[in-house]
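Take a look at the structure below.
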Amino acid sequence: MTRIVNAPSLANCDLLTLASDVEQLVDGGVDLVHVDVMDGHYVPNLCFPVSAVADLTRRHPEVRVDAHLMVDDPGAYVERLAAAGAHYVSFHADSTRFVRRTLAAYQAAGMKAGVAINPSHPVDIIEPYMKDLDYVVLMTVEPGFAGQRFLAGSLERLEQLDDLRTRSGADFEIEIDGGIDHEYGAECVRRGATILVTGIYAVFQQPDGIAPAVRRFDAAMAAAAAVRADADEARRVARR
Ligand code: DX5
Ligand code: ZN
């Protein structure tokens with residue numbers, strides 16, 4: 001059965017307690033951390049610089065970093081993100097005229113490369129380069145700010161994306177970013193997502209603390225993954 005990866009977003013942390021928040025994430029079993037990199041141009045906000053990725057991989061070599069670029073000109077960060085030790089890097093489908101070249105540059109530098117789809121774009125925007133993608137980030141909030149609500153209509157969009165993947169034979173992973181709680185997380189897993197970015201609704205600001213919240217969320221998503229695995233098996237049997 002596919003393991004569902006919980007990638008908590010550090011954009012939800014208090015900068016003054018960031019180090020201890022990361023310790024607690026690791027204690028809870030997190031091994032992929034989502035770092036939002038913003039430039040104040042692609043989105044009207046600033047978040048983490050590339051150096052935050054380097055700090056994280058240096059202090060916590062046991063975690064992998066999923067860098068989410070909300071920047072104009074994502075091709076300009078390849079060398080620095082490679083040096084910083086990023087494992088996954090995504091950028092927005094409309095943030096460069098050269099999506100293929102940018103994907104190829106990240107992959108050539110040893111990273112998994114993905115494209116993020118905004119809520120206002122059709123999911124088939126990725127069709128021309130679907131086979132080149134390691135993963136797709138389906139935005140379920142408008143990018144730029146943490147702590148927003150999961151947008152209505154996003155589950156249908158995920159179904160369309162999963163269907164596009166099946167029909168095309170492409171094998172990219174699907175990551176969901178924005179407003180994930182236990183309920184939406186499980187709905188997304190049942191619809192084929194395997195990486196979930198989490199924030200205040202699932203991991204941070206929980207009464208029992210970060211590590212127990214991570215463990216609870218992971219157990220709930222494993223149960224949802226079992227439902228998805230059964231459905232996949234039933235589809236395989238029906239096709240025989
Ligand atoms: C929004 C960011 C998200 C965000 C996710 O621009 O890309 O990664 O931090 O966290 P929540 O779930 O709090 O929106
Ligand atoms: Zn993000």
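Read the numbers this way: they start at 1 and go in the same order the structure lists the ligands and their atoms.
A heavy-atom distance below 4.5 Å is found between the side chains of Arg165 and Ile174. At a threshold of 4.5 Å between non-hydrogen side-chain atoms, the residues Val141 and Pro119 do not count as touching. Looking at heavy atoms from C-beta onward, His92 lies out of side-chain contact with His121 at the 4.5 angstrom threshold.
Protein heavy atom at the shortest distance from atom 11 (P) of ligand 1 is Gly147 N, 3.6 Å. Counting only heavy atoms of the protein, atom 12 (O) of ligand 1 lies nearest to Gly179 N, 2.9 Å. Nearest to atom 10 (O) of ligand 1 among the protein's heavy atoms is Asn12 ND2, 3.2 Å. Closest to atom 9 (O) of ligand 1 among all protein heavy atoms lies Ser9 OG, 2.9 Å. Summary of contacts: the protein heavy atom closest to atom 8 (O) of ligand 1 is Asp177 OD1, 2.7 Å. The closest protein non-hydrogen atom to atom 6 (O) of ligand 1 is Gly144 N, 2.7 Å. For atom 1 (C) of ligand 1, the nearest non-hydrogen atom of the protein is Phe145 O, 3.5 Å.
In terms of distance to the Zn ion (ligand 2), the nearest N, O or S atom of Asp36 is named OD1.
Nearest heavy-atom pair across Asp181 and Ala202 is CA-CB, 4.3 Å. Gly179 approaches Phe150 most closely through the heavy-atom pair O-CB, 3.6 Å.
With a heavy-atom cut-off of 4.0 Å, Tyr201 does not touch ligand 1 at all.
Around the Zn ion (ligand 2), the two atoms ND1 of His68 and OD2 of Asp177 are separated by an angle of 90°, to 10 degrees.
A salt bridge (charged side-chain N to carboxylate O under 4.0 Å, His left out) with Asp162 is found for exactly one of Arg235, Arg228, Arg157, Arg191, namely Arg228.
Taking the ring axis of Tyr88 as reference, the NZ or CZ atom of Arg64 does not stay both within 45° of it and closer than 6.0 Å to the ring centre.
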